[in-house]
Each structure stands twice: as structure tokens, then as C-alpha cells.
> 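There's a structure below that I have some questions on.
Within every chain, numbering begins at 1; the chains are lettered A, B, ... in the order of the sequence lines, protein sequences first and strands thereafter.
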Amino acid sequence: NAGVTQTPKFQVLKTGQSMTLQCAQDMNHNSMYWYRQDPGMGLRLIYYSASEGTTDKGEVPNGYNVSRLNKREFSLRLESAAPSQTSVYFCASNSEYAIYFGEGSWLTVV
Amino acid sequence: AQSVTQPDIHITVSEGASLELRCNYSYGATPYLFWYVQSPGQGLQLLLKYFSGDTLVQGIKGFEAEFKRSQSSFNLRKPSVHWSDAAEYFCAVGEDNFNKFYFGSGTKLNVKP
């Protein structure tokens, strides 16, 4: 019963490098999300995808791109990482009754 | 715009004491309300949710929450706290199409022996 799986769990990047966070859910959910979590700021929505083939900006989309590859997978890409993107990133999916989270990806940009 | 406020950043209670975590929301339509718990280094786990009906909802781990429309509040309670309840708690509101969820900034609970 995997639920929402995201990789990698930890990553250190140099400023200007690019990387992609991968997320997959096995619950047949239509909606998927990427959040970032920073101390004292709770969770802030970066992008979401209400269904396969659609994506929309959330509160803090700048510096990120997303791809909804299929119903299961929703990836988050940092094209040119900046220290301000040091954060914990959570992928989530929605069953219409609640939102379910992955275990998080700790990203440090130096 | 929708928003969720958790006024208490940190709360410390003694083991066995009662607990109440506050949550206020701002949302024009009927709110869908949630409480999540996050242990260190972990993702968020759903504790309970409110959609409609009885305003007192029961959740996992002995938690309950009461929806008060007049106060725009959805406070989380537990009669007797256990040391394992030490974690960070997040209140959230979902839009009626469930496409977006808005989270509070969290309340960190510390439990004294």
C-alpha cells in the first residue's frame, strides 16, 4: 500500500543546477499537488494538477515547472536552483475527501 | 482569499492534561476542514475532517474537533495527551471543488513528562 511516493528523499544542489523531483501515486486520484514547507510558514502550494494533462499555478510557482506525465505521476522541476529554494517538498494527491501526502523531499541549495 | 490561522506557534502541555489547538479560517462558502499531524521527518497524516452534519467530529488517536460557524473556528481537542502526541499540527481548509487546500502555519506541541 504505497500511497504517494516521492524521490529523492534528500538532495544537495549547487546554485544554478537543475533537478527534477518525482512523484507517483497508486490511488487512482485525479488531483495532485506540490507543496513546499518552510519553518513558520506552513505548507505553500507551488503547483497543482486537477487532472491528467492540466496544471495550474499555486501560491509560489516562480522558479518551478511541473509535468503531469500521466494520471499516476506529477514531477516538479527546478531549472536553475537558488538558495531560496532550500526547503522540504511534499507531493500529495486528493481523493475528493482528503489530501494525502508523500514523506517529503529535503532539498538544500548551496 | 481563503486563509487559515493557527494563532499558537508553540504549545506545551503536561502528559495527561487536556489539549486544545486553535484554528480560524476565512472562506466564503461552506468550508471543508481538516486537521493533520506531522511527526519530525515525516509527511502529514490526516487526523480528522469536517464536511457537513454533526459539528463535533471524531478522528484517530483520540482527537476530536468542533466546527463553529459563528466563530469561523475548527479547534482540535484531546482529553488526555500522551507523550507520543508531540508533533506539529496543521489545520487546513479545502475549496468546495477540492482542487485547492490551504494550510495554517502549524502549531508545535511539546509534551512534558
Side-chain angles (χ1 to χ4, degrees), chain A residues 1-7 9-10 21 23-25 27 29-52 54-61 66 68 74 87-107, chain B residues 1-11 21-26 30-53 57-60 63 65 74 87-108:
Chain A
N1 188 14
V4 180
T5 304
Q6 51 182 112
T7 57
K9 194 167 179 71
F10 299 98
L21 298 176
C23 176
Q25 52 94 7
M27 296 175 282
H29 292 165
N30 286 322
S31 297
M32 296 185 72
Y33 310 82
W34 276 105
Y35 286 89
R36 61 178 288 175
Q37 184 179 31
D38 302 289
M41 302 191 74
L43 285 92
R44 293 182 291 170
L45 181 63
I46 305 171
Y47 271 93
Y48 71 101
S49 170
S51 62
E52 183 179 352
T54 68
T55 60
D56 285 285
K57 295 178 180 179
E59 302 171 69
V60 289
V66 290
R68 184 72 182 269
F74 188 40
S87 188
V88 184
Y89 291 85
F90 287 97
C91 179
S93 67
N94 169 25
S95 71
E96 291 190 353
Y97 297 104
I99 187 169
Y100 296 91
F101 289 86
E103 294 194 343
S105 295
W106 274 253
L107 176 65
Chain B
Q2 296 82 353
S3 67
V4 180
T5 302
Q6 294 179 245
D8 305 305
I9 298 173
H10 288 97
I11 282 185
L21 302 182
R22 295 184 290 164
C23 172
N24 293 96
Y25 67 90
S26 171
T30 302
Y32 297 91
L33 297 161
F34 307 83
W35 275 99
Y36 285 83
V37 60
Q38 184 181 31
S39 297
Q42 301 296 315
L44 282 76
Q45 180 184 21
L46 179 66
L47 280 176
L48 49 78
K49 60 195 175 193
Y50 170 78
F51 290 171
S52 64
V57 293
Q58 303 297 320
I60 62 171
F63 285 92
F74 188 57
E88 191 162 17
Y89 293 80
F90 291 91
C91 180
V93 60
E95 290 186 338
D96 56 7
N97 60 6
F98 288 101
N99 277 339
K100 287 185 179 180
F101 293 78
Y102 299 90
F103 287 82
S105 55
T107 298
K108 285 188 178 177

> Report the residues that fulfil ring pair (Phe, Tyr, Trp, His ring centres under 6.0 Å) with A/Tyr89, sequence neighbours left out, ordered by chain and then residue number.
A/Tyr64
> Which residue out of A/Leu43, A/Val88, A/Leu45 racks up the most heavy-atom pairs below 4.5 Å with chain B?
A/Leu43
> Provide the closest heavy-atom pair for B/Gly43 versus A/Phe90 in the form atom of the first, atom of the second, distance.
CA-CE2, 3.5 Å
> Is the distance between the ring centroids of B/Phe103 and A/Phe101 under 6.0 Å?
yes
> My understanding is that only residues two or more places apart in sequence, or in another chain, count here; which of them pass ring pair (Phe, Tyr, Trp, His ring centres under 6.0 Å) with B/Tyr102?
none
> Quick check for you: to the nearest 0.5 Å, what is the distance between B/Phe101 atom CZ and A/Tyr35 atom OH?
6.5 Å
> Can you tell which part of B/Gln38 gets under 4.5 Å to a heavy atom of chain A, answering side chain, backbone, both or neither?
side chain
> Could you tell me the separation between the CD1 atom of A/Ile99 and the CZ atom of B/Phe34, rounded to the nearest 0.5 Å?
8.5 Å
> Counting only non-hydrogen atoms closer than 4.5 Å, does A/Gln37 touch chain B with its backbone (N, CA, C, O), its side chain (CB onward), both, or neither?
side chain
> How about A/Lys9: does its NZ atom have over 12 heavy atoms from other parts shown lying under 6.0 Å from it?
yes
> Go through the atoms of B/Leu44 and report whether side chain, backbone, both or neither lie under 4.5 Å from a heavy atom of chain A.
both
